[in-house]
Amino acid sequence: MLMTNFLKKRKSVREFKNKKINSDILDEIKLYLDSLEREYGTGNLKFKLYEYGEKLYEGLRGIGGYSGVMIESPHYIGLELIDDKDKNTIYGSYYMEKLITKLNTMGLDTCWVSVGNVDKDTKKDVFGDIAGEINYILAIGYGKARNPFINDSFSDRIGVEEIVFTDKIENHANVDDLENRGLGDLFYYIRFAPSTLNKQPWRFLLERDKVTLLIKYNKGEEPNLIDAGIVMYYFESLGESIGLNSKWQLVSNTVEEGNDCYKYIAELRL
Ligand SMILES: Cc1cc2nc3c(=O)[nH]c(=O)nc-3n(C[C@H](O)[C@H](O)[C@H](O)COP(=O)(O)O)c2cc1C
């Protein structure tokens with residue numbers, strides 16, 4: 001499926017059928033998890049498949065997920081970071097999103113679940129002894145059929161002009177200019193990437209020969225690097241479909257504009 005269609009259609013699934021994934025498919029998933037770890041290649045990222053989802057669900061019920069609303073699924077995949085350097089957090093979610101795309105092509109549904117607030121002892125109990133830290137897991141399985149008579153809930157997205165700046169932070173882009181540069185579709189579809197609490201903190205600073213990914217956050221808070229990695233994965237994939245084959249290069253800088261802060265995450269040559 002074209003990445004544009006995929007992004008428009010993708011959505012988090014929070015209700016799963018009580019149906020396990022068969023063992024051949026689980027084996028294929030395990031091989032893919034290994035290949036992603038090798039692709040990152042630093043040893044700092046591990047994907048852990050929890051085949052018996054019941055135990056994990058019982059352990060995290062009332063505490064995992066937004067406000068303790070834990071998502072129940074037959075299996076989960078933990079994103080384990082061996083250390084919390086920015087690069088590992090960013091590429092951890094980059095590869096998690098690559099995994100989600102693969103699982104979707106296999107007919108499986110998913111939802112990110114935040115478990116950063118869960119205490120250490122509970123984590124040890126549900127995740128076992130692990131070298132690093134798991135703050136996010138992925139619920140996976142077969143989503144329940146949707147009722148065709150009920151309008152699907154849809155998470156709103158902010159406008160293209162709001163997420164793209166030209167030449168200067170807060171100098172909002174003009175959609176016609178983006179179209180003229182052949183970047184209209186890319187910035188239209190990139191907005192369908194998922195983000196924590198659907199906050200969509202990504203901003204793109206577009207200059208003549210490069211685009212810089214910024215993460216917007218409030219003074220006194222932390223920028224969300226997990227959301228950054230996710231959008232980087234989709235940007236590269238959408239880019240490929242329009243012949244833009246460059247990869248992001250990480251950068252580091254922070255700018256304050258009143259109460260808004262922008263963390264510079266990465267640059268991509270156009
Ligand atoms: C890093 C991350 C953590 C998330 N954590 C949760 C969660 O704990 N519970 C939940 O119901 N949804 C969670 N989500 C799903 C987002 O709320 C969802 O992606 C967003 O609202 C956009 O909706 P969509 O994915 O259906 O397009 C998470 C998403 C991301 C990217």
Side-chain angles (χ1 to χ4, degrees), residues 1 3-16 45 47 50 53 56-57 59-73 75-81 84 86 88-101 103-104 108-119 122-123 126-127 133-141 143-144 146 150-160 162-163 188-202 213 215-217 221-235 237-238 263 265:
M1 197 199 297
M3 186 44 87
T4 45
N5 289 343
F6 174 79
L7 264 169
K8 188 112 196 249
K9 288 206 178 117
R10 64 144 300 284
K11 62 186 291 204
S12 302
V13 168
R14 296 184 174 88
E15 284 191 62
F16 290 89
L45 165 65
F47 289 106
Y50 293 94
L56 199 141
Y57 176 70
L60 294 176
R61 206 174 168 169
I63 39 178
Y66 296 155
S67 313
V69 181
M70 182 58 195
I71 311 282
E72 183 173 13
S73 62
H75 316 277
Y76 297 89
I77 294 171
L79 171 62
E80 180 189 354
L81 301 180
D84 66 353
D86 286 2
N88 296 329
T89 308
I90 292 169
Y91 279 99
S93 62
Y94 176 104
Y95 285 109
M96 185 71 127
E97 207 58 43
K98 186 165 182 175
L99 167 65
I100 292 172
T101 309
L103 294 173
N104 271 272
L108 295 165
D109 295 302
T110 64
C111 188
W112 281 85
V113 184
S114 315
V115 294
N117 288 336
V118 175
D119 62 276
T122 307
K123 276 192 181 176
V126 290
F127 298 134
E133 187 77 43
I134 295 184
N135 287 322
Y136 297 92
I137 56 178
L138 192 69
I140 61 167
K144 281 192 179 162
R146 297 174 189 152
I150 295 179
N151 263 346
D152 266 348
S153 65
F154 174 76
S155 304
D156 276 340
R157 295 301 196 267
I158 52 182
V160 172
E162 203 171 325
I163 61 163
Y188 176 81
Y189 287 106
I190 198 69
R191 300 170 308 133
F192 294 97
S195 59
T196 313
L197 293 163
N198 199 29
K199 283 195 173 169
Q200 307 162 65
W202 349 275
L213 170 65
I215 289 290
K216 186 177 179 186
Y217 62 106
E221 294 177 0
E222 290 292 319
N224 191 319
L225 302 183
I226 287 278
D227 289 344
I230 294 172
V231 92
M232 282 164 61
Y233 167 70
Y234 282 127
F235 196 101
S237 307
L238 281 170
K263 182 167 170 70
I265 303 288

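Just so you know, ligand 1 is whichever comes first in the structure, and atom 1 is the first atom listed for that ligand. The basis for the numbers below is simple: all heavy atoms, side chains too, and nothing from hydrogens, waters or symmetry mates.
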S.K.: Could you tell me, atom by atom, which parts of ligand 1 come under 4.0 Å of a heavy atom of Lys11?
M.R.: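 Those qualifying, in numeric order: 26 (O).
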S.K.: So, using side-chain contact (heavy atoms from CB on, under 4.5 Å) as the criterion, who are the partners of Asp86 when residues are at least two apart?
M.R.: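 By the side-chain contact (heavy atoms from CB on, under 4.5 Å) rule, Asp86 matches Leu225, Lys263.
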S.K.: Spell out, as yes or no, whether a donor-acceptor pair under 3.5 Å connects the side chain of Arg10 to the backbone of Phe192.
M.R.: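 Yes; judged by distance alone, with no hydrogens or angles, the pair exists.
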S.K.: So does Ser195 get a backbone contact from the side chain of Asp227, meaning a donor-acceptor N/O pair under 3.5 Å?
M.R.: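 No.
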S.K.: State, with a plain yes or no, whether a side-chain heavy atom of Lys98 is found less than 4.5 Å away from one of Thr101.
M.R.: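 Lys98 vs Thr101: side chains apart.
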S.K.: In ligand 1, which numbered atoms sit nearer than 4.0 Å to a non-hydrogen atom of Arg10?
M.R.: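 Matching atoms, with element in brackets: 24 (P), 25 (O), 27 (O).
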S.K.: Which residue holds the protein heavy atom closest to atom 23 (O) of ligand 1, what is that atom called, and what is the gap in Å?
M.R.: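 For atom 23 (O) of ligand 1, the nearest protein heavy atom is Ser155 OG, 3.0 Å.
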S.K.: Under a 4.0 angstrom heavy-atom cut-off, which atoms of ligand 1 come close to Arg14?
M.R.: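 So the answer, numbered in order with elements, is 10 (C), 11 (O), 12 (N), 15 (C), 16 (C), 17 (O), 18 (C).
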S.K.: Quick one: does any side-chain atom of Glu133 pair with a main-chain N or O of Asp84 as donor and acceptor, under 3.5 Å?
M.R.: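 Judged by distance alone, no pair lies under 3.5 Å.
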S.K.: Among protein heavy atoms, which sits nearest to atom 22 (C) of ligand 1, and what does the distance come to when rounded to 0.1 Å?
M.R.: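 Heavy-atom neighbour on the protein nearest atom 22 (C) of ligand 1: Asn198 OD1, 3.5 Å.
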S.K.: Which is it for Tyr136 and ligand 1 at heavy atoms under 4.0 Å: side chain, backbone, both or neither?
M.R.: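 For Tyr136, the contact with ligand 1 is made by the side chain alone.
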S.K.: Any side-chain heavy-atom pair from Ile137 and Leu79 closer than 4.5 angstrom?
M.R.: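 Of all side-chain heavy-atom pairs linking Leu79 with Ile137, none is under 4.5 Å.
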S.K.: What protein heavy atom is closest to atom 31 (C) of ligand 1, reported as residue, atom name and distance in Å?
M.R.: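 Nearest neighbour among protein heavy atoms for atom 31 (C) of ligand 1, to 0.1 Å: Ile230 CD1, 3.4 Å.
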S.K.: Number the atoms of ligand 1 from 1 as they appear, then name those within less than 4.0 Å of a heavy atom of Ile71, with their elements.
M.R.: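 Counting from 1, the qualifying ligand atoms are 11 (O).
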S.K.: Around atom 6 (C) of ligand 1, find the nearest protein heavy atom and jot down its residue, atom name and distance.
M.R.: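 Among all protein heavy atoms, the one nearest atom 6 (C) of ligand 1 is Trp112 O, 3.1 Å.
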S.K.: May I ask you to identify, for Cys111, whether its side chain, its backbone, both or neither come under 4.0 Å of ligand 1 on a heavy-atom basis?
M.R.: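 Just the side chain.
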S.K.: Pull out every atom of ligand 1 sitting under 4.0 Å from any heavy atom of Gly65, numbered as shown with elements.
M.R.: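 In order of number, 8 (O).
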S.K.: Which part of Val69 is near ligand 1, with near meaning a heavy atom under 4.0 Å away: side chain, backbone, both or neither?
M.R.: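 Near ligand 1, Val69 shows nothing, with every heavy atom at 4.0 Å or more.
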S.K.: Starting from atom 16 (C) of ligand 1, locate the nearest protein heavy atom and write down its residue, its atom name and how far away it is, to 0.1 Å.
M.R.: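 Sorting protein heavy atoms by distance from atom 16 (C) of ligand 1 puts Tyr66 OH, 3.2 Å first.
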S.K.: Near Ile226, which atoms of ligand 1 are under 4.0 Å from a heavy atom of that residue?
M.R.: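 Those qualifying, in numeric order: 1 (C).
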S.K.: Can you check whether Ile190's main-chain N or O pairs, donor with acceptor, with Arg157's side chain at less than 3.5 Å?
M.R.: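 Pair absent, no side-chain N/O of Arg157 close to backbone of Ile190.
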S.K.: Can a cation-pi geometry be assigned to Arg191 and Tyr188, taking NZ or CZ under 6.0 Å from the six-membered ring centre and within 45° of the ring axis?
M.R.: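 Yes, cation above the ring, under 6.0 Å and within 45°.
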S.K.: Less than 4.5 Å apart, side chain to side chain, heavy atoms only: is that true for Lys11 and Asp109?
M.R.: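 Of all side-chain heavy-atom pairs linking Asp109 with Lys11, none is under 4.5 Å.
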S.K.: Got a sec, which pairs hit salt bridge (charged side-chain N to carboxylate O under 4.0 Å, His left out) with one end in residues 88-97, sequence neighbours left out?
M.R.: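 Matches after skipping sequence neighbours: none remain.
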S.K.: Determine whether Leu138 and Phe47 make a side-chain contact, defined as any pair of heavy atoms from C-beta on separated by less than 4.5 Å.
M.R.: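 Answer no - side chains too far apart.
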S.K.: Check if Arg157 has a non-hydrogen atom at a distance under 4.0 Å from any atom of ligand 1.
M.R.: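 Under 4.0 Å: yes for Arg157.
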S.K.: Taking 4.0 Å as the limit for heavy-atom contacts, which would you say applies to Ser114 with ligand 1: side chain only, backbone only, both, or neither?
M.R.: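 Both parts.
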S.K.: Looking only at protein heavy atoms, which one is nearest to atom 26 (O) of ligand 1, and what is the separation?
M.R.: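 Minimum-distance protein heavy atom for atom 26 (O) of ligand 1 reads Ser12 N, 2.9 Å.
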